Amino acid sequence: MNYWLMKSEPDEVSVDDALAAPESTVPWTGVRNYQARNFMRDGMRVGDGVLFYHSSCAEPGIVGIARVASTAYPDPTQFDRKSPYHDPASKREEPRWLLVDVQVLKKTRNLTLPELRADPELQDLVVLRKGNRLSITPVEPRHWKRILKLLDVRA
DNA sequence: GCCAACGTTGGC
DNA sequence: GCCAACGTTGGC
């Protein structure tokens, strides 16, 4: 089992939005970065652990525990002309962008970015690296355990 | 709104 | 294949 951190802008899809969805599950639309896409396509398995992260907001941080709920499949928004995620260069026979479904298991308190940065055991968490902009990053098991502990969530 | 850092594009 | 210009991300 692998672990991941996935960023979402709460203005678009917050952890509350995801919890309110059927089965607490949302399709992770809008990833338009090849490295992040490849993580979904090649790295993710159903059941993998996910840290639900709010970005581009007043208090960025980890706000929930989730799981990967599907294998990767084509992101329909790439074919939707009205979507901000429309990609005219992507063809239906050969979709460029994929997504996975993500199921929220538990909303947590906001474990904020400053708190994450302050923790000595999380110094090399990928998402904390300088200049990191990837919306999906792998999380090492020791980091996963540490974060669950900080959130007082049992594995 | 600013801007550092990074990814993508396209001319050559 | 190089690299300058441009676009995007995301914290502040």
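None of the values given here were measured: they were computed from a predicted structure. Values reported hereafter were calculated over all heavy atoms of this structure, with side chains retained and with hydrogens, waters and symmetry mates removed.
- Using a 3.5 Å distance cut-off with no hydrogens or angles, the side chains of A:Trp28 and A:Asp101 do not pair a donor with an acceptor.
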Show the numbers, then the answer: is there a side chain to side chain donor-acceptor pair (under 3.5 Å) between A:Thr77 and A:Asp75? CA-CA 6 Å; A:Thr77 62; A:Asp75 180 344; 2.7 Å; yes
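- The nucleotide range of DNA chain C contacted by chain A, defined by atoms under 4.0 angstrom from heavy atoms of the protein and reported 5' to 3', is C:dG7 to C:dC12.
- Remark: A:Ser14 pairs with A:Asp17 by the side chain to side chain donor-acceptor pair (under 3.5 Å) rule, at least two apart or across chains.
- The six-membered or imidazole ring of A:Tyr34 lies near that of A:Trp97, with a centre-to-centre distance under 6.0 Å.
- By the 4.5 Å heavy-atom criterion applied to side chains, A:Phe52 and A:Leu5 are not counted as neighbours.
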